[in-house]
Asks: 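Quick one: this structure, given as structure tokens, is what I'll be asking you about.
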Amino acid sequence: MPDSQTLSAKIRPLDRAFFSRDPRRVARELLGKVLVRDAGRKRRTARIVEVEAYLGEKDPAAHSAAGNTARTSVLFGPPGHAYVYFIYGNHYCLNVSCEPAGQAGGVLFRALEPLTGVEEMARDRGLEIHDPKNPAINDLIKLTSGPGRLSEAFAITRVRDNGCDLTSSASSLWIGEEIGDDRYRARGIRTSRRIGITKAVDKPWRYFLNGNPFVSRVPAKWRLSE
DNA sequence: ATATCGATTATCT
DNA sequence: GATAATCGATATG
């Protein structure tokens, strides 16, 4: 049996209650979990290593600060659904809605560690894996280290995925957990300011796995894990 | 290692 | 009309 299937058999979707909470709590606990894309012949999976929490209407940096509009309605809907937006005329970014229906909040996916379907990711990124049998880490980092990059690697677009239920393995895109996957948090979780925003810049609501090489924009002094 | 810039469009003021 | 939850390329120290 191919590796991708032995691995996928151990993954089960997170339930909706997981996401029906404060985005800061959800963000922290998403680290080490797995994003799954079921499309085409080969399943793509990657471990979640960096996320950011965006609170509801009271967080000036959140898209939901503008209120419940056509663009942000998913953030105000039931938890566990994909909020996908297009930014800078170039990139899609993936979030999962949090808090109970009626209350806004979400978590932005900022970086993943590729596990399976690596060649499919490379194809959609327009990149080449030098040695597909034994990919160099520098090749893998370019696939999913950054919110725009990971969206492209998972072929995520607004038309295809906005509003998708991420708690169902029947969806083409979903979030799963494995037994004992909290061990990926054993080296610790770091926090920092959120990236690329101009409002509420002081809030430390970016979360990432300490020492993980797939995390984007790590300050030089943190480059080596402690 | 850090800084700056262009690409390109949805959304809001 | 300005800005944006980014990326990749180029320039500079």
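Throughout, a chain's letter reflects where its sequence line sits, starting with A, and its residues are numbered from 1.
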Asks: When we call it a touch if two heavy atoms are under 4.0 Å apart, what does A/L108 touch: a base, just sugar-phosphate, or nothing?
Replies: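 Contact class for A/L108: base.
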Asks: Counting any heavy atom closer than 4.0 Å, what does A/G148 reach on the DNA or RNA strands: base, sugar-phosphate only, or nothing?
Replies: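 Answer is sugar-phosphate: A/G148 comes under 4.0 Å of backbone atoms only.
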Asks: CZ of A/F86 versus C1' of B/dT11: gap in Å, rounded?
Replies: 12 Å
Asks: For A/Y92 and B/dT9, give me the distance from atom OH to atom P, rounded to whole Å.
Replies: 10 Å
Asks: Mind checking who C/dG8 pairs with, Watson-Crick or G-U wobble, both distances under 3.5 Å?
Replies: B/dC5
Asks: Tell me: NZ of A/K203 to P of C/dA5, nearest whole Å?
Replies: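 One finds 17 Å between P of C/dA5 and NZ of A/K203, rounded.
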Asks: Is any side-chain N or O of A/H91 closer than 4.0 Å to OP1 or OP2 of C/dC7?
Replies: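 Checking C/dC7 against A/H91, no side-chain N or O comes under 4.0 Å of OP1 or OP2.
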Asks: Can you measure A/I87 atom CD1 to B/dT11 atom P for me and round it to whole angstrom units?
Replies: 10 Å
Asks: Rounded to whole angstroms, how far apart are CG on A/L55 and P on C/dA5?
Replies: 15 Å
Asks: Is the phosphate of B/dT11, meaning OP1 or OP2, less than 4.0 Å from a side-chain N or O of A/T69?
Replies: no
Asks: For DNA chain C, find the residues of residues 156-166 of chain A with a heavy-atom distance under 4.0 Å and give them by number; none if there aren't any.
Replies: none
Asks: Want to settle it: does A/K142 or A/R71 sit nearer the 5' end of DNA chain C, counting the closest nucleotide to each?
Replies: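 First, find each residue's nearest nucleotide; the 5'-ward one identifies A/R71.
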Asks: Provide, to the nearest angstrom, the distance between the OH atom belonging to A/Y54 and the C1' atom belonging to C/dA4.
Replies: 11 Å
Asks: State whether A/E152 and A/R125 are salt-bridged, where the test is any N-O pair (Lys NZ or Arg NE/NH1/NH2 against Asp/Glu carboxylate O) under 4.0 Å.
Replies: yes
Asks: Tell me whether A/D139 contacts the main-chain N or O of A/H130 through its side chain, where contact means a donor paired with an acceptor under 3.5 Å.
Replies: yes
Asks: Is the distance from OP1 or OP2 of C/dT3 to the nearest side-chain N or O of A/T198 less than 4.0 Å?
Replies: no
Asks: Does the ring centre of A/F86 sit less than 6.0 Å away from the ring centre of A/H91?
Replies: no
Asks: Could you tell me the separation between the CD atom of A/E50 and the P atom of C/dT6, rounded to a whole number of Å?
Replies: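 Answer to the nearest Å: 10 Å.
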Asks: Check the phosphate of C/dA5 against A/R206, side-chain N and O only, distance under 4.0 Å to OP1 or OP2. Yes or no?
Replies: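 Result: no.
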Asks: Honestly, is A/R16 close enough over A/F18, meaning NZ or CZ under 6.0 Å from the six-membered ring centre and within 45° of the axis?
Replies: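 Checked: cation-pi criterion not met.
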Asks: With a distance cut-off below 6.0 Å to the six-membered ring centre and an angular limit of 45° from the axis, does A/R194 pair with A/Y54 as a cation-pi contact?
Replies: yes
Asks: Check the phosphate of C/dG8 against A/R125, side-chain N and O only, distance under 4.0 Å to OP1 or OP2. Yes or no?
Replies: yes
Asks: Here's one to test your reading of the geometry: is the NZ or CZ of A/R190 within 45 degrees of the ring axis of A/Y207 and under 6.0 Å from its centre?
Replies: no
Asks: Between A/K133 and A/D131, does at least one N-O distance fall below 4.0 Å, as a salt bridge requires?
Replies: no
Asks: Would you say whether A/Y85 stacks on B/dA10? The test is a distance between ring centres of less than 5.5 Å and an angle between planes of less than 30°.
Replies: no
Asks: For A/E113, is there an ion pair with A/R47 - N to carboxylate O distance below 4.0 angstrom?
Replies: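 Answer for the salt bridge query: no.
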Asks: Output the rounded distance in Å from CG (A/L127) to C1' (C/dC7).
Replies: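 Distance, rounded to whole Å: 11 Å.
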